[in-house]
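Heavy-atom basis, side chains included; hydrogens, waters and symmetry copies ignored. Lettering follows sequence order; numbering is per chain, from 1.
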2 protein chains.
Amino acid sequence: MANLADDIEQFLKLMMGDSGVAEVQRATLAAQFGCAPSQINYVLATRFTSERGYVVESRRGGGGYIRITRLNFEAGDAIHDLIQRQIGSHLSQDEALGYILRLHEQSIIDEREAAIMQAAIHRDTIALELPYRDVIRANLLKAMILAVLRF
Amino acid sequence: MANLADDIEQFLKLMMGDSGVAEVQRATLAAQFGCAPSQINYVLATRFTSERGYVVESRRGGGGYIRITRLNFEAGDAIHDLIQRQIGSHLSQDEALGYILRLHEQSIIDEREAAIMQAAIHRDTIALELPYRDVIRANLLKAMILAVLRF
DNA sequence: CGTCTCCTGACGTTTTTTGACCATTACTGA
DNA sequence: TCAGTAATGGTCAAAAAACGTCAGGAGACG
């Protein structure tokens, strides 16, 4: 229940709001949440990945900062690019989950559709040994996203 | 008949109440009942199976939890029968398609959801040789239907 | 006896959190 | 200008916090 990483994730997303950009200082944010500064890096590394549609930039030294930007799908074009270029020939469960969360967060798919996709790409569902499992998972995610794009 | 497993089962069902969801921490619950933590897993494995209409999710690490969700069907329901008996351990594309169309006709899934499922069970998506392909397809359809029944 | 269900404990895995140490950038005062 | 110091953020390994698995013991029941 109250895990810190999730709280910080929510806080940052709230902070981004409509603008899609949040800029913070690591030490200040860590102090607000009463945690180690490196905890912030953990949140960035696990919750604001490129699969989930975020870009993180930072700068050290005086006046340093961390800036998180959400990449929005403007046209259907960006999604086609996602399918054809970003998703390759194989995909881990975490990566696939990231893409699904992104599609849901940006209202391309609803909660039920996200749940269906998550069930499909789960490692227990694709019960295969590892080189093959990730290949089938990539096929699945691409096919399912394409199916949704026809509407 | 005052066995622990039954007590814990009752407690969890009471906790789910109308919402159909119970979330607990394994160690805390075990402490409440004065038993070994693994006893909780035993209860989950024997009493809250998908066959009985439940889905169990969990998370490890700090802030970890166990969440039990009651699915929207009764034992003896047509859908229950579909998942438990009709869909076996393997499934052809035509058979799967038939089930998906039926779910749509019965308004259990909408058009988009049907399209996602159809894409997933297509033979080109599950690019495997024949004994295996039909096994994975059966897994896929069952998992996707279960996913939808949570809502 | 043999089998089934319940229950425990030892050991394993995953996720989060912390802390020590490193790297980079800005400021400041000869 | 330039060197030194202050101010930031980054990395990585270890600890901590949960949950999972599995073999086996203890009864109950036929």
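Results of the side-chain contact (heavy atoms from CB on, under 4.5 Å) test with A/Leu12 over A/Ile66, A/Asp7, A/Val24 single out A/Val24 as the only residue that passes.
Where DNA chain D meets chain B (any atom under 4.0 Å from a heavy atom), the bounding nucleotides read 5' to 3' are D/dA17 to D/dT21.
Considering only residues two or more places apart in sequence or on other chains, A/Gln10 meets the side-chain hydrogen bond (donor to acceptor under 3.5 Å, both in side chains) condition with none of them. Annotation: side-chain hydrogen bond (donor to acceptor under 3.5 Å, both in side chains) contacts of B/Arg26 (sequence neighbours excluded): B/Asn41. With sequence neighbours excluded, the residues forming a salt bridge (Lys or Arg N to Asp or Glu O under 4.0 Å) with B/Glu57 are B/Arg67, B/Arg150, listed by chain and number. With sequence neighbours left out, the side-chain hydrogen bond (donor to acceptor under 3.5 Å, both in side chains) criterion links B/Asn139 to no other residue. Partners of B/Glu9 according to the salt bridge (Lys or Arg N to Asp or Glu O under 4.0 Å) rule, which considers only residues two or more places apart in sequence or in another chain, are B/Lys13, B/Arg47. Residues satisfying the side-chain hydrogen bond (donor to acceptor under 3.5 Å, both in side chains) criterion with B/Glu95, sequence neighbours excluded, are B/Ser92.
Sorted by first and then second residue, the salt bridge (charged side-chain N to carboxylate O under 4.0 Å, His left out) pairs with a member in residues 35-45 of chain B form an empty list; sequence neighbours excluded. Listed by first and then second residue, the ring-ring contact (aromatic ring centres under 6.0 Å, His included) pairs that reach into residues 28-47 of chain A are A/Phe11-A/Phe33, sequence neighbours excluded.
At distances below 3.5 Å, not a single donor-acceptor pair connects side-chain atoms of A/Arg59 with backbone N or O atoms of A/Tyr65.
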Below 3.5 Å, can you tabulate the donor-acceptor pairs from side chains in residues 110-123 of chain A to any protein atom, sequence neighbours excluded?
{"residue": "A/Asp110", "atom": "OD1", "partner": "A/Arg112", "partner atom": "N", "Å": "3.1"}
{"residue": "A/Asp110", "atom": "OD1", "partner": "A/Glu113", "partner atom": "N", "Å": "2.8"}
{"residue": "A/Arg112", "atom": "NE", "partner": "B/Glu113", "partner atom": "OE2", "Å": "2.7"}
{"residue": "A/Arg112", "atom": "NH2", "partner": "B/Ile108", "partner atom": "O", "Å": "3.0"}
{"residue": "A/Arg112", "atom": "NH2", "partner": "B/Glu113", "partner atom": "OE1", "Å": "3.0"}
{"residue": "A/Glu113", "atom": "OE1", "partner": "A/Asp110", "partner atom": "N", "Å": "3.0"}
{"residue": "A/Glu113", "atom": "OE1", "partner": "B/Arg112", "partner atom": "NH2", "Å": "3.0"}
{"residue": "A/Glu113", "atom": "OE2", "partner": "B/Arg112", "partner atom": "NE", "Å": "2.7"}
{"residue": "A/His122", "atom": "ND1", "partner": "A/Asp124", "partner atom": "N", "Å": "3.0"}

Handout entry: Letter per nucleotide, 5' to 3', of nucleotides 24-30 of chain C [B base touched, S only sugar-phosphate touched, - untouched; heavy atoms, 4.0 Å]
Key = BBS----
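For DNA chain C, the residues of residues 31-41 of chain B within the heavy-atom distance limit of 4.0 Å (strictly under) are B/Cys35, B/Ala36, B/Ser38, B/Gln39, sorted by number.
With rounding to whole Å, A/Arg47 atom CZ is found 12 Å from C/dT17 atom C1'. The distance from atom CZ of B/Arg26 to atom P of C/dT14 is 15 Å, rounded to the nearest whole Å. Protein atom CG of A/Leu4 is 16 Å distant from nucleotide atom C1' of C/dG19, rounded to whole Å.
Across all strands shown, B/Arg67 has no heavy atoms under 4.0 Å from either base or sugar-phosphate atoms.
Two residues, B/Val43 and A/Tyr42, neighbour DNA chain C, and the one matched to the more 5' nucleotide by heavy-atom proximity is B/Val43.
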